[in-house]
Amino acid sequence: MVDVKPGRPISCRGRRTPTADRLQVGEKRKLTRLRSDLLNWARQAGRVYPWRANAASSYERIVVEVLLQRTTATAVSKFYDAFFSRFPTWEALALAQPEDLATFLKPLGLWRKRAASLLGLAKYAISVSGQFPRNPRERRKIPAIGQYVSSAIALFQYGEPAPLLDVNMSRVIERFIHPRSRADIRHDPWLRDAASWFARGPQPEMANWAILDFAALVCKSRRPRCSECPVRPRCNYVRSK
DNA sequence: AAGTCGGGGAT
DNA sequence: ATCCCAGACTT
């Protein structure tokens, strides 16, 4: 026991919030452990989808990310075969009749936006041999490519360890460590650093799929299955309940 | 920061 | 009947 100033080190004086907005060493360790734990968990319990198969092209994986926006993976899964046999390549998609595309997309909802987004992406893709810019700033200038889809392109097209940081991945990280400080996921530096740290390492695609599966099946927004959670011993969320 | 697009499944 | 879903865009 020490009796001298039990507070923070002097270097931390003046901080406005009790939680730093930068990723700390201990948090990196926790995320690294979480990563390997979830990869092991997903080996048995992970979901299986056609766009994750080795045979799936980066075209399919990128298009699927657009289809998955505000849509359940189950819905896209049902939709997958018909869509990609009708539009198997960027070329086929770029030549699609808007009405035809809309007919396909209606059951998923948001079909006007999705049709416009996909057509725009396809027309861009065929103008550059299917390769989106490697520079993220250049990618983000393309309509329908926000932060999330940009990361998906980095991950699936260039093999970079980019995080598919959405509300679900955010929920897992925030429960496991602590809530973000900014309202918007995309503007929270700590959360972005945490997600990036989680994604880095071998098998970045598997790691992303693992945490998204874990979010969907165990660490659900409502009624999380903490009793059957493989990382419960290290989770701050269950500790606080 | 808040509103909009959106049908479908889960609760 | 309400909430949630691998977001992006406009105001």
Side-chain angles (χ1 to χ4, degrees), chain A residues 38 42 45-53 56 58-80 82-84 98 101-122 124 132 136-157 160-175 180-188 191-192 194-196 198-199 203-225:
Chain A
L38 292 188
R47 300 179 294 184
V48 176
Y49 292 117
W51 55 88
R52 296 182 179 181
S58 63
Y59 157 73
E60 293 178 41
R61 290 189 179 148
I62 292 169
V63 167
V64 160
E65 293 302 334
V66 175
L67 300 181
L68 281 168
Q69 291 173 14
R70 310 308 299 162
T71 304
T72 60
T74 303
V76 176
S77 165
K78 295 174 185 168
F79 174 86
Y80 181 90
F83 186 87
F84 286 103
L101 192 51
T103 304
F104 268 87
L105 295 174
K106 277 184 181 177
L108 284 181
L110 297 176
W111 56 273
R112 297 175 197 274
K113 291 183 181 301
R114 286 189 220 264
S117 296
L118 290 176
L119 267 180
L121 288 178
Y124 179 91
F132 291 95
R137 295 162 107 4
E138 295 303 315
R139 277 200 301 263
R140 290 294 303 278
K141 293 178 183 173
I142 302 166
I145 298 185
Q147 187 194 77
Y148 182 89
V149 173
S150 176
S151 291
I153 291 170
L155 179 66
F156 295 127
Q157 183 170 291
E160 297 172 7
L164 297 176
L165 179 57
D166 68 336
V167 289
N168 302 296
M169 182 168 172
S170 300
R171 182 177 62 252
V172 175
I173 292 174
E174 291 182 65
R175 281 176 177 167
R180 64 178 182 265
S181 53
R182 307 285 186 88
D184 193 324
I185 289 169
R186 300 165 297 178
H187 299 142
D188 191 291
L191 183 58
R192 295 190 57 173
S196 296
F198 180 89
Q203 300 181 311
E205 296 181 0
M206 295 297 293
N208 273 291
W209 291 330
I211 195 171
L212 290 175
D213 289 352
F214 178 72
L217 300 176
V218 179
C219 198
K220 303 155 65 160
S221 60
R222 284 188 298 181
R223 294 175 48 188
R225 309 270 175 88

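Below, chain A is the first sequence line, B the second, and so on; all start at residue 1.
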Worksheet entry | Partners meeting ring pair (Phe, Tyr, Trp, His ring centres under 6.0 Å) with F198(A) (sequence neighbours left out) | none
Practice prompt. Search all heavy atoms of F156(A) against all heavy atoms of S58(A) and return the closest pair with its distance.
Written response: O-CB, 3.8 Å
Worksheet item: How far does the C1' atom of dG6(B) sit from the matching atom of dT2(C), given to the nearest Å?
Response: 15 Å
Worksheet item: If you look only at pairs with a residue in residues 209-224 of chain A, which of them pass as a salt bridge (charged side-chain N to carboxylate O under 4.0 Å, His left out), with sequence neighbours excluded?
Response: R47(A)-D213(A), R52(A)-D213(A)
Worksheet item: If the P atom of dA6(C) is compared with that of dT4(B), how far apart are they to the nearest Å?
Response: 23 Å
Response to the item:
One should read off an interatomic distance between L118(A) CG and L67(A) CG, to the nearest 0.5 angstrom, of 5.5 Å
Practice prompt. Name the residue closer to the 5' end of DNA chain B, choosing between K220(A) and A75(A) according to the nucleotide with the nearest heavy atom.
Written response: A75(A)
Item to complete: With sequence neighbours left out, write down each residue that passes salt bridge (charged side-chain N to carboxylate O under 4.0 Å, His left out) with R61(A), or none if nothing qualifies.
Response: E205(A)
Fill in: Terminal contacting nucleotides, 5' and 3', DNA chain B versus chain A (heavy atom, 4.0 Å)
dA1(B) to dT11(B)
Worksheet, complete the sentence: Whether each nucleotide of nucleotides 2-11 of chain C has a protein heavy atom under 4.0 Å at its base (B), only at its sugar-phosphate (S) or at neither (-) is summarised, 5' to 3', as -BSBBBSS--
Discussion item. Quick check: closest heavy atoms across L68(A) and A73(A), and the distance to 0.1 Å?
Written reply: CD2-CA, 3.6 Å
Worksheet item: Are K141(A) and E138(A) within salt-bridge range, i.e. N to O under 4.0 Å?
Response: yes
Worksheet item: Sequence neighbours excluded, which residues qualify as ring pair (Phe, Tyr, Trp, His ring centres under 6.0 Å) partners of Y59(A)?
Response: F84(A), W90(A)
Worksheet item: Which is true for R223(A) with a 4.0 Å heavy-atom rule: it touches a base, it touches only sugar-phosphate, or it touches nothing?
Response: sugar-phosphate
